[in-house]
Amino acid sequence: MNLRRTRAVAVALMLTVGSWSGGALAADPTPASNTAEAQLRAFEDGLHKQTGDVVIAPAKATLHLGDRYYFLPAEDAKKVLTQVWGNPADAVSDVLGLVLPKGTTASDNVWGAVVTYEDTGYVSDKDAADQDYDKVLSDMRDAAKERNEERRKQGFSAVQIIGWAQPPSYDAKDHSLVWARQLKFDGSKGPDSLNYDVRLLGRRGVLSLNMVSDMTHLAEVRAAAAEFGRAASFDRGETYADYDASTDKTAEYGLAGLVAAGVGVAAAKKLGLLAIVLGFGKKFLVLIVAGGMAVMRWGRKLFGRKDTEPEAAPAPAHAAEAEHVAERVSDAPVMAKPAEDQPPVG
């Protein structure tokens with residue numbers, strides 16, 4: 001079975017794991033895998049993919065995606081984020097859409113950009129040249145140390161902020177702010193996590209595209225982030241230049257606040273690092289445990305696990321973590337998939 005088919009089967013199993021009662025499965029996984037692939041195809045066929053210019057009504061803006069990406073509207077995006085990528089429903093309540101690279105599916109091991117909007121008011125860029133992002137990074141690291149102590153007490157892996165994968169960069173022409181962080185999870189054997197954020201400033205708020213991937217995909221995600229920084233236009237009368245200080249709401253923070261607090265934190269509480277669990281290996285087994293040991297054994301057989309390999313313990317930390325990601329992620333931006341051995345961030 002090739003890798004793409006294997007992933008397709010795994011994701012289809014995730015779509016149906018809640019309906020399994022833990023009963024014995026057929027000894028031969030081939031019929032079940034064919035059914036699983038058919039289920040996944042049906043799921044994909046039911047998605048309403050859009051290309052070109054996509055209206056984001058709550059933001060009074062339009063994303064100009066061309067033909068290199070496609071957009072899933074809010075309801076489809078939420079289905080993917082919860083049913084395929086394993087996020088809790090309350091973590092995606094404010095999602096307006098999801099952008100994916102052309103030629104990929106929701107089950108492929110690629111990044112995606114979660115689209116949200118925050119009615120923050122006008123965020124001033126007058127001090128753009130004077131923002132001290134090194135200080136912001138230092139404050140983030142200090143805050144992470146405090147959170148890590150609590151994470152360890154709860155049995156979750158600590159996460160270290162290695163540094164900027166891309167220091168915050170503001171484009172005064174497009175009024176876009178882009179930054180990325182490199183994170184490392186304690187005990188992870190995979191590549192460090194990559195967290196990219198794009199903020200597009202309008203008259204009344206901020207349109208956000210948040211991506212999570214890993215450092216092996218840095219060049220690809222960086223290029224996409226740069227494109228997204230130029231991809232939005234706000235409606236006439238709603239642009240950054242249309243701001244009227246005498247009547248419009250003004251945010252209480254500037255650009256650094258978008259990175260360290262303000263929208264940065266508000267969005268992270270809902271999206272932050274979405275627990276996009278598409279690494280198949282330990283994570284896949286973790287998900288299957290919830291469906292019963294028989295399912296786990298079948299999954300091990302399907303993925304070539306040796307019979308002598310120790311079986312996973314029930315209710316591992318990663319599974320519990322996924323259920324509470326929205327509450328724990330307080331400084332992280334979003335969106336695609338962490339490396340295989342990396343749990344969600346908190």
Side-chain angles (χ1 to χ4, degrees), residues 53-64 71 73-74 77-78 90-99 113-133 135-136 139-140 143 168-181 195-211 225 228-272 274 326-327 329-335:
D53 292 348
V54 177
V55 175
I56 310 297
K60 298 181 180 179
T62 299
L63 284 177
H64 307 285
F71 177 86
K78 292 174 184 178
D90 60 355
V92 302
S93 59
D94 294 337
V95 169
L96 300 178
L98 179 66
V99 179
V114 172
V115 181
T116 59
Y117 176 75
E118 292 285 339
D119 183 16
T120 61
Y122 175 87
V123 178
S124 174
D125 65 354
K126 66 179 181 181
D127 297 326
D130 302 322
Q131 301 294 330
D132 187 352
Y133 292 116
K135 176 64 166 57
V136 172
D139 290 345
M140 284 181 173
S169 175
Y170 181 67
D171 186 319
K173 177 178 177 293
D174 294 312
H175 304 292
S176 64
L177 179 65
V178 180
W179 74 93
R181 293 177 307 145
N195 299 262
Y196 246 99
D197 287 76
V198 178
R199 301 289 187 266
L200 303 159
L201 311 186
R203 176 179 180 177
R204 307 180 195 279
V206 179
L207 181 63
S208 301
L209 291 93
N210 303 300
M211 294 170 278
F228 293 155
R230 302 185 296 270
S233 62
F234 288 87
D235 296 348
R236 182 177 299 179
E238 299 297 329
T239 71
Y240 195 77
D242 291 321
Y243 169 69
D244 184 342
S246 66
T247 59
D248 294 345
K249 174 183 174 182
T250 304
E252 297 179 357
Y253 45 81
L255 299 180
L258 289 179
V259 180
V263 174
V265 165
K269 286 180 179 177
K270 287 290 183 183
L271 298 172
L274 290 174
E327 298 176 359
V329 182
S330 60
D331 70 339
V334 187
M335 238 330 358

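Atom CG in Asp171 sits 10.5 Å away from atom CG in Asp125 (nearest 0.5 Å). Rounded to the nearest 0.5 angstrom, Leu209 CG and Leu98 CG are separated by 10.0 Å.
In this structure, Val99 and Phe228 approach most closely via the heavy-atom pair CG1-CZ, 3.7 Å. Between Ala77 and Val95, the shortest heavy-atom distance links the atoms CB-CG1, 3.9 Å. In terms of heavy atoms, Leu96 sits closest to Pro58 at CD2-CG, 3.8 Å. Across all their heavy atoms, Ser208 and Arg199 have their closest contact at OG-CD, 3.2 Å. Closest approach of Tyr133 and Ala256 over heavy atoms only: CE2-CA, 3.9 Å. Residues Leu177 and Leu255 share a closest heavy-atom pair of CD2-O, 3.6 Å.
Within the 3.5 Å criterion, the main-chain N or O of Glu238 finds no donor-acceptor partner in the side chain of Asp235. Counting only distance, with no hydrogens or angles, the side chain of Lys249 and the backbone of Asp119 share a donor-acceptor pair below 3.5 Å. The backbone N or O of Thr239 sits less than 3.5 Å from a side-chain atom of Asp242, completing a donor-acceptor pair. A donor-acceptor pair is defined here as one N or O able to donate and one able to accept, closer than 3.5 Å; no such pair exists between the side chain of Lys60 and the backbone of Phe234. A donor-acceptor pair under 3.5 Å is formed between the side chain of Tyr240 and the backbone N or O of Val123.
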*Could you walk me through whether Arg204 and Asp248 pass salt bridge (Lys or Arg N to Asp or Glu O under 4.0 Å), step by step?*
CA-CA 7 Å; Arg204 307 180 195 279; Asp248 294 345; 3.7 Å; yes
*Under the side-chain contact (heavy atoms from CB on, under 4.5 Å) criterion, do Leu258 and Leu201 qualify, and how do the steps go?*
CA-CA 10 Å; Leu258 289 179; Leu201 311 186; 3.6 Å; yes
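Judged as a side chain to side chain contact (heavy atoms under 4.5 Å, CB included), and not counting sequence neighbours, the contacts of Ser233 are Thr62, His64. Taking Ala59 as the reference, Ile56, Ala61, Tyr117, Leu207 meet the side chain to side chain contact (heavy atoms under 4.5 Å, CB included) condition, with sequence neighbours excluded.
Note on ring orientation: taking the six-membered ring where Trp is involved, the planes of His175 and Tyr170 are tilted (angle from 30° to 60°).
Thr250 and Tyr243 form a side-chain donor-acceptor contact under 3.5 Å, judged by distance and modelled atom types alone.
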